[in-house]
There are 2 protein chains.
Amino acid sequence: MDAMQGNNHDDVRRHNLSIILRLVHRDGAASRAQLTRLTGLNRSTIGALVAELAEHGLVEERTPDPTKLAGRPSPIVAASDRVVAIAVNPEIDAVTVGVVALSGVVHRRIRWAVSSVPSAAEAVSLTAGIVTELRRDLEQYSIIGIGVAVPGLVRASDGLVRLAPHLGWVDEPFCDLLAAATGLPVVAANDASLGANAERYFGAGRGMTDVIYLNGGASGIGGGLIVGGAVAGGLAGYAGEFGHTRVSSGSSTDSAGIAGTLEAEVTRAALLDVLGLRGSETDADALERALLASDSPVVRAEVARQLDFLAVALASAVNVLNPQLIVLGGFLAALHAADADRLSSAVGALALGAAFEGVQITPAQLGSNLLVIAAAELAFEALLLDPQTIVGNISG
Amino acid sequence: MDAMQGNNHDDVRRHNLSIILRLVHRDGAASRAQLTRLTGLNRSTIGALVAELAEHGLVEERTPDPTKLAGRPSPIVAASDRVVAIAVNPEIDAVTVGVVALSGVVHRRIRWAVSSVPSAAEAVSLTAGIVTELRRDLEQYSIIGIGVAVPGLVRASDGLVRLAPHLGWVDEPFCDLLAAATGLPVVAANDASLGANAERYFGAGRGMTDVIYLNGGASGIGGGLIVGGAVAGGLAGYAGEFGHTRVSSGSSTDSAGIAGTLEAEVTRAALLDVLGLRGSETDADALERALLASDSPVVRAEVARQLDFLAVALASAVNVLNPQLIVLGGFLAALHAADADRLSSAVGALALGAAFEGVQITPAQLGSNLLVIAAAELAFEALLLDPQTIVGNISG
DNA sequence: ACTAATTTGTTGAGGTGGGCAACGTATCAC
DNA sequence: GTGATACGTTGCCCACCTCAACAAATTAGT
């Protein structure tokens with residue numbers, strides 16, 4: 001019952017600043033007049049709030065757009081390009097570091113390839129090096145903090161990486177190490193959960209409150225949930241592991257050693273195999289093109305097989321969560337593109353009619369910027385929650 | 001983005017009144033001193049807020065408990081016994097109507113048996129009759145409204161009963177009809193979702209934020225979710241249908257005609273069958289006693305078979321939702337009691353280690369009062385959200 | 001029993017911040 | 001130009017929370 005907190009006047013101010021900053025961050029620039037309508041606040045209040053945000057450098061006021069409407073034009077309020085978060089995404093073959101502005105602009109994206117799977121310590125020192133370099137270039141920018149998208153289970157309470165199977169990390173305090181190395185606040189979460197959130201705000205699920213996101217990677221299937229408008233993390237932040245849902249009575253096992261699961265039956269490797277492609281040379285787009293181009297019955301059969309298994313997992317999720325949107329990323333997007341109708345009708349046959357009513361299945365939209373935007377969003381969260389306090393602690 | 005609302009001063013007052021009323025409603029009576037600590041508000045503010053709630057008759061202040069502590073004793077604030085909601089639960093063989101006070105006391109529970117499955121119109125007129133009767137007895141009570149727990153899918157936006165398979169109701173505007181017949185505000189939701197909420201606040205899941213609730217009834221398995229501290233309804237309020245999760249490749253079908261689902265494999269009827277019992281004569285307790293008393297290998301095998309299938313569904317749910325508690329009601333509680341260790345280890349074997357860490361599986365606690373409390377809670381929600389406004393609209 | 005210490009209710013003053021209304025200003029239409 | 005429209009700006013008001021001082025009710029110690 002810790003959420004049972006009383007409100008005082010400071011909370012009102014904080015909440016109102018938070019809402020305005022969120023609006024211009026998530027939905028893009030808006031005129032002051034639009035903000036008054038969206039928030040229901042008085043226009044004099046909006047004026048004061050925007051002035052305060054502008055004073056802190058969080059938003060900028062631009063000259064009004066010509067609107068062809070009568071009346072005094074309203075200045076455009078836009079999230080700052082100079083307030084940035086650093087996004088980090090360690091993977092088996094590279095560490096990606098990005099710089100994303102509060103305005104949504106991706107200033108930089110640096111993919112630093114590594115020859116062998118990086119240990120946590122290596123990833124920290126590599127990242128810290130890149131960050132030091134970046135800070136020299138970003139002297140007139142304000143760096144809010146670092147957000148890390150980890151391909152594994154991250155404990156929500158303290159950012160400890162409990163298990164990142166592909167990286168071989170177990171109980172690595174990546175956050176604390178990186179914070180110590182850079183002196184910046186660091187927050188981490190599961191990559192797929194962050195991806196779900198990013199797609200919800202900036203991609204295919206814009207404005208939606210109940211979204212299921214599944215991402216198919218080279219080594220497994222991860223996912224994230226938006227339930228009732230909030231990222232569902234579960235007790236410890238491990239929610240969203242759709243890959244280990246049982247979908248068949250087969251004996252092939254997944255990365256966790258569990259048999260008959262989605263991750264065991266639906267794999268990128270099997271698709272590449274029937275297509276005669278090499279994984280290392282085939283990105284998501286190439287796979288999709290190859291699938292669409294092929295008319296081999298073997299390929300079609302494998303696509304159908306995988307789609308039917310995917311449908312089992314999705315149908316269960318639809319029954320349990322009654323989402324309005326299912327977003328598929330990675331090779332699952334390619335699979336979906338190969339035969340969208342089959343997937344949709346298979347899910348429809350296995351799900352309750354009412355729960356599936358109005359459910360859309362779409363590919364992810366954010367592409368290669370997804371995890372950069374997603375991780376930066378995590379770092380921005382503290383600022384969006386409390387613009388006044390956070391901005392006070394930043395150099396400038 | 002409709003949730004992007006600004007806060008003004010009225011909202012502060014409303015929020016603070018709401019929080020205090022919620023605290024004394026959900027966690028029982030508390031002293032003013034405790035309320036100051038829990039809310040973080042100033043004690044003078046608490047005094048004013050409690051006085052306002054007391055003036056409206058929503059809470060009562062009692063003489064302090066002897067606490068053995070130094071200092072001036074703090075009066076106890078308790079939710080009123082006289083402010084009540086009416087709970088309604090239509091079933092195939094009866095309509096149950098209850099009267100529950102804001103204090104949590106169940107004043108009445110009337111189970112009106114019917115000889116044939118009631119139509120929506122019959123259930124409405126039956127309920128309205130009982131309510132009229134009750135209102136005569138409850139003249140000095142304030143009736144907040146009516147909450148209905150429906151064994152089926154209820155559209156969240158308007159309370160339309162989309163589908164209640166066992167009752168044979170399709171698109172029945174039960175809420176509107178009952179509201180017209182009684183003149184009271186009526187809200188409805190799925191019985192299992194409401195049950196999950198009630199167990200969370202008043203039963204096995206007290207104070208928890210991520211709970212999965214599954215209820216085994218005579219004709220199927222329903223469920224509800226608490227995700228991140230809120231009831232997860234999904235887009236239209238249909239979330240929680242665990243019964244149709246696929247758990248086997250068998251061909252037996254469930255009530256929706258889908259094969260190999262939890263509801264098809266795990267049934268009360270099959271348990272009664274191996275026990276040689278009649279369903280109509282066996283309530284949940286009797287079933288549990290019979291299961292515990294039996295040492296027949298046939299019974300043990302059936303219990304094991306059903307538990308293993310239940311484990312498949314629960315493991316998927318654990319992976320996806322990372323809950324802290326799984327609550328089992330109805331015949332699933334009996335099944336759990338018959339061999340709790342088998343269920344727990346089977347789920348553990350199929351779920352990711354980290355996600356299953358710390359997950360408890362327990363039987364439901366609220367027993368026969370569950371749905372009465374659950375439905376009343378739904379009716380109370382409007383009052384708890386805005387004590388000032390709602391109480392103004394009530395007769396007294 | 002009396003005093004000291006402790007905790008809490010009560011009261012009145014103070015201040016923060018949003019609403020409001022009047023006024024000023026920038027655009028469009030004619 | 002002139003009017004209409006829409007919006008920013010300003011000063012005042014007020015709701016409501018905090019704070020500090022004081023009063024009240026209890027326990028512990030002598």
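Chain letters run A, B, ... following the sequence lines, proteins first, then strands; residues in each count from 1.
In this structure, B:Ser80 has no side chain to side chain donor-acceptor pair (under 3.5 Å) partners at least two apart in sequence or on a different chain. Checked against salt bridge (Lys or Arg N to Asp or Glu O under 4.0 Å), A:Asp137 has the following partners two or more places apart in sequence or in another chain: A:Arg108. For A:Asn197, the side chain to side chain donor-acceptor pair (under 3.5 Å) partners at least two apart in sequence or on another chain are A:Arg200. With sequence neighbours excluded, no residue satisfies side chain to side chain donor-acceptor pair (under 3.5 Å) with A:Asp176. Residues that satisfy the side chain to side chain donor-acceptor pair (under 3.5 Å) test with A:Glu61, not counting sequence neighbours, are A:Arg32. For the salt bridge (Lys or Arg N to Asp or Glu O under 4.0 Å) test, residues two or more places apart in sequence or in another chain that qualify with B:Glu381 are B:Arg22, B:Arg26.
For A:His15 and C:dG17, the NE2 to C1' distance is 15 Å, given to the nearest whole Å. The nearest whole Å value for the distance from the CD1 atom in B:Ile46 to the P atom in D:dC16 is 15 Å. Rounded to whole Å, the distance from CZ on B:Arg13 to P on C:dG17 is 19 Å.
The residue among B:Ser74 and A:Pro73 whose nearest nucleotide of DNA chain C lies closer to the 5′ end is B:Ser74.
Pairs engaging residues 41-50 of chain B under the side-chain hydrogen bond (donor to acceptor under 3.5 Å, both in side chains) rule: B:Asn42-B:Ser44 [sequence neighbours left out].
A donor and an acceptor atom, one from each side chain of B:Gln34 and B:Ser74, are nowhere located under 3.5 Å apart.
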List, with names and distances, any nitrogen or oxygen atoms from the protein found under 3.5 Å away from nitrogen or oxygen atoms belonging to nucleotides 20-24 of chain C.
{"from": "C:dC20", "atom 1": "N4", "to": "A:Ser44", "atom 2": "OG", "distance (Å)": "2.7"}
{"from": "C:dG24", "atom 1": "N2", "to": "A:Arg72", "atom 2": "NH1", "distance (Å)": "2.8"}

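Comparing the local axis fitted to the first five base pairs of the helix from C:dA1-D:dT30 to C:dC30-D:dG1 with the one fitted to its last five gives a bend of 10°, rounded to 10°.
Within 4.0 Å (heavy atoms only), A:Pro64 reaches no atom of the nucleic acid at all.
Under 4.0 angstrom from either OP1 or OP2 of C:dT8 there lies at least one side-chain N or O belonging to B:Arg37. Distances shorter than 4.0 Å separate some side-chain N or O of A:Asn16 from OP1 or OP2 on C:dG18.
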